[in-house]
Amino acid sequence: MTLRIEDLTVSFPTGPVLEGVSLALDRGEVVGLTGTSGAGKSIVAEALVGALPPDAIRTGRITLADAPVAPRTVALAPQHLDALDPMAPVGRQILRFARLAGRPVDVPDALARVGLPPDTARLYPHELSGGMARRVLLATALATGADWIVADEPTVGLDEVAAGRVLSLFTDLAATGRGIIVISHDVCGLAKISSRIVILRRGRQVETAPADAFTGTGTAFRDAFSRALWNAQLAPDAPC
Amino acid sequence: MKAWLPALLAGRLIRLAWLLPLAAVGLFTLISLAPIDPVQAYVGGRTSQIGPEQRDAIAAAWGLDRPAVERFANWLGQLARGDLGQSITFNAPVMQVIAARLPASLALIGLAFVLSFVLGTALGLVAGATRGRWPDRVIRTIAVVMAASPGFWVAILLVAFFAVGLGWLPACCATPPGQLAAEVTLADRWRHMVLPVATLSVVGIAPLVLHTRQSLVAFLDSPAARHLSAHGATPLHLAFGPGLRHAAGVALTLHLAGAGELFGGSVLAEAVFAWPGLGQATVRAATGADAPLLMGIGLATLLFVFAGNLLADVAARLADPRLRGPA
């Protein structure tokens, strides 16, 4: 079964923010999505879950097994931490997402999957560190039990160990038959877990590179921007 | 007990400890400076029957021949013994006058408080959940009209329509005039409450509707609500589920903090409907320059408003955990 985005274009009254993006994702696969800030990565995520702002105009097709994708097929772990309800404890928020999907959830287990202790359930968002909040957002998406998950910048604010644990969680989830799109600036991290990485620049898809292109000095990339993006990660103080 | 609650209560009690004496001095000063002579107010139309010696005797009996500072010190001394003094207007201990009339006022204020909160919050939630559609437009129009309507005008309209025009409801008093207390049924009491409670509620509903709607709209536009919507939550589910705490928490805080306005409104409603509560006693005490009763009612009002504000602080912290820092 394949989740497919074909020629996705999103415009606002001020102009287009995404033009002609296409990607395909199979069950059991992790696909990375990267690019510079403002390239339109989060817009792809919002289009996938049908949560574009009301003034957005979308063209192109998003299909699952060649049929238009139904609401709630794809779950999203959003980028911004204020997507957590400031007035509800973490445990209740995880329960809300499970109930929306009509499935039961074991909150301590849901927290453990993202590397959080069970007593996190009674904390409110303002009592969480940035990294904890990001993992709670991921837990809310996982609580829906969706087969297709988009994680928008899931490792920002996490230390290396925690980031590594979250990234390996995606490969574990993919191994259970889920399809995962991970949006990140961390090309190194993406290269370790993704089968392909889609590279965006100013709303346009520069290329979709296989994971093995992210080696050496990036000579396998077709586009100069992709090479530059990769080489920027190879700085001496941040070896990949 | 929540960790923030004792700290909040202690802070507010300290505030009350300096607020009460300050209010007592302020009240006494205002009453002393008032251009109403209590003896003249008491004598009224019997001026020709009461001579200067009798006037002096009355003034001396009430302690009005003493300097204001000495009268205030005497009042404080009585207060320390738990005695609020003697009401000139009612010729009874102030404590007794307040205790006799407080239940009637509290019944009026309490019912109006609950009614306006339930109606105001529910209508605000419906308006917010149907933003831009006809239910929202209808509710907002009604709320704006109500917000612009003076309480006394609403009271007169209600009396003209339901009491005089249709004859459905009584326009006066807490019980049918001339009827013995034993003959008054519960239904009679409820019927007499309808118009005063409606008048008092109308004043409180409009701001609640508009604030609740706005709080809910702010939540519905928030990233948290968009995250839930992206996973299947409808506006109605958001409004009466997660949004309830965002909107109703603000509404309850606002409503409790408005206890003073409710008390002020009850003075007006009691005057219009001849309701035998503290509001009516306040009007009589003011026109009769009844200093002990005015002082007693003033301090009781202060405690009432203070309790309302304290409960508002507690409600705000219960609703929003981010406020549970040091008071």
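Each chain gets a letter, A, B and so on, in the order the sequences are listed, and its residues count up from 1.
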Under 4.5 Å to a heavy atom of chain B? For A/L84 that would be backbone
Taking A/L76, A/V49, A/T73 one by one, which has the highest count of heavy-atom pairs under 4.5 Å against chain B? A/L76
Applying ring pair (Phe, Tyr, Trp, His ring centres under 6.0 Å) to A/Y124 and not counting sequence neighbours gives none
Could you please state which residues from residues 220-229 of chain B sit under 4.5 angstrom from chain A, measuring non-hydrogen atom to non-hydrogen atom, sorted by number, or 'none'? B/P223, B/A224, B/H227, B/L228
By side-chain contact (heavy atoms from CB on, under 4.5 Å), A/L95 pairs with (sequence neighbours left out) A/R99, A/V105, A/V107
Among A/M87, A/E46, A/H80, residue most engaged with chain B (heavy-atom pairs, under 4.5 Å): A/M87
Apply side chain to side chain contact (heavy atoms under 4.5 Å, CB included) to residues B/H231 and A/R96 and explain how you reach the verdict. CA-CA 10 Å; B/H231 295 89; A/R96 279 179 188 163; over 6 Å; no
For A/R202, look at atom CZ and say whether over 12 heavy atoms of other residues, nucleotides or ligands are found less than 6.0 Å away. no
Please flag which part of A/P86 lies under 4.5 Å from any non-hydrogen atom of chain B: side chain, backbone, both or neither. both
Mark yes when over 12 heavy atoms from residues, nucleotides or ligands other than A/R204 sit less than 6.0 Å from its CZ; otherwise mark no. no
Check whether more than 12 heavy atoms from other residues, nucleotides or ligands sit under 6.0 Å from atom CD of A/E29, and answer yes or no. yes
Please rank A/P71, A/A51, A/P78, A/A146 by heavy-atom pairs under 4.5 Å with chain B and give me the top one. A/P78
What part of A/H126 lies closer than 4.5 angstrom to a heavy atom of chain B: side chain, backbone, both or neither? side chain
B/F219: partners by ring pair (Phe, Tyr, Trp, His ring centres under 6.0 Å), with sequence neighbours left out: B/H246
Which bit of A/T140 comes within less than 4.5 Å of chain B, counting heavy atoms only: side chain, backbone, both or neither? side chain
Any chance CZ of A/R61 has more than 12 other-residue heavy atoms, nucleotides or ligands included, within less than 6.0 Å? no
